[in-house]
Amino acid sequence: MTPMYRVCFVCTGNICRSPMAESVFRAHVTRAGLDALVEVDSAGTGGWHEGDGADPRTASVLEAAGYEQDHRARQFHASWFERLDLVIALDAGHLRDLRALAPTPQHAAKIRLLRSYDPAATAAETDVPDPYYGSLDGFEECLELVEAASPGLLDDVREAVKEHTA
């Protein structure tokens, strides 16, 4: 069966935050029994790391938490909006960049901030901070923030899939 609903997580270089969100959310989708219907992917706003694997710290934090990941970085392209249902930005900068890239207002309407799905996040806490230049603690915090937002995102995706199949 071809996936009917496509979600793409986007950060800067596609080696830290977005591959982490992709792995975590894919695990949620699989546990919910939606893996045949929902495709989960990630990309970066820039192409600096294209072809690289996830940052080793991302891989180790995911592995320690029991998540699988097999990742190759790539850059997000405006043409992708047409086939995607939801584009999840990891911070306000990515949100701005993606909106600027969106060919139409309908495409721009597909973009959301990941933390908007976290019921505990305040309006001032919209970003998943970039852990790249910091210590392993930053990657662990990133995982906590991604995990906190994933159930709310899954609820929205589940509803959207029901609408697609109704």
Side-chain angles (χ1 to χ4, degrees), residues 5-29 38-59 61-62 67 69-157 160:
Y5 198 84
R6 291 175 173 86
V7 180
C8 185
F9 294 93
V10 181
C11 71
T12 307
N14 192 217
I15 58 167
C16 298
R17 292 172 285 178
S18 57
M20 189 177 288
E22 176 188 352
S23 292
V24 170
F25 193 63
R26 183 175 290 122
H28 277 78
V29 165
V38 178
E39 180 181 283
V40 183
D41 204 351
S42 68
T45 56
W48 312 277
H49 298 287
E50 223 159 353
D52 295 348
D55 184 287
R57 297 165 294 179
T58 294
V61 165
L62 285 170
Y67 294 105
Q69 70 87 31
D70 177 22
H71 179 73
R72 287 286 158 244
R74 56 208 193 113
Q75 184 171 359
F76 189 90
H77 296 279
S79 61
W80 296 5
F81 278 109
E82 199 54 47
R83 66 177 175 80
L84 293 170
D85 297 287
L86 196 54
V87 179
I88 305 292
L90 276 289
D91 71 26
H94 306 130
L95 182 70
R96 196 172 42 253
D97 292 348
L98 288 163
R99 283 185 176 153
L101 200 58
T104 68
Q106 293 80 5
H107 291 119
K110 297 178 178 185
I111 308 164
R112 299 268 187 285
L113 276 167
L114 178 61
R115 297 221 43 218
S116 68
Y117 295 97
D118 180 353
T122 68
E125 299 171 319
T126 59
D127 294 353
V128 175
D130 188 353
Y132 186 73
Y133 294 104
S135 68
L136 192 61
D137 291 354
F139 288 81
E140 290 166 347
E141 178 194 3
C142 181
L143 180 61
E144 288 171 19
L145 296 174
V146 167
E147 286 178 327
S150 290
L153 175 56
L154 183 64
D155 289 344
D156 268 24
V157 168

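Hydrogens, waters and symmetry mates play no part in the numbers below; they use all other heavy atoms, side chains included. All values reported here derive from a predicted model rather than from experimental measurement.
Between Ser42 and His71, some side-chain heavy-atom pair lies under the 4.5 Å cut-off. Using a 4.5 Å heavy-atom threshold, the side chains of Asn14 and Asp52 count as separate. Between Phe9 and Val40, the closest side-chain pair of non-hydrogen atoms falls below 4.5 Å. Side-chain contact between Val24 and Leu143: present, with at least one pair of heavy atoms (C-beta onward) separated by less than 4.5 Å. Ile111 places a side-chain heavy atom less than 4.5 Å from the side chain of Leu95. Looking only at side-chain heavy atoms (C-beta outward), Val7 and Val29 stay at 4.5 Å or farther from each other.
For Ala121, the side chain to side chain contact (heavy atoms under 4.5 Å, CB included) partners two or more places apart in sequence, or in a different chain, are Arg115, Asp118, Glu125.
Judged purely by atom type and a 3.5 angstrom limit, Asp41 has no side-chain atom pairing as donor or acceptor with the backbone of Cys8. A donor-acceptor pair is defined here as one N or O able to donate and one able to accept, closer than 3.5 Å; such a pair exists between the side chain of Gln75 and the backbone of Thr45.
Listed here is the closest heavy atom pair of Ala54 and Gln69: CB-OE1, 3.5 Å.
Pairs of residues two or more places apart, or lying in two chains, never qualify as ring-ring contact (aromatic ring centres under 6.0 Å, His included) while including a residue from residues 129-151. Each ring-ring contact (aromatic ring centres under 6.0 Å, His included) pair with one or both residues in residues 80-111, not counting sequence neighbours, appears once here: Phe76-Trp80, Phe76-Phe81, His77-Trp80, Phe81-His107.
Asp156 has no carboxylate O lying under 4.0 Å from a charged side-chain N of Arg112, or vice versa, which leaves the two without a salt bridge.
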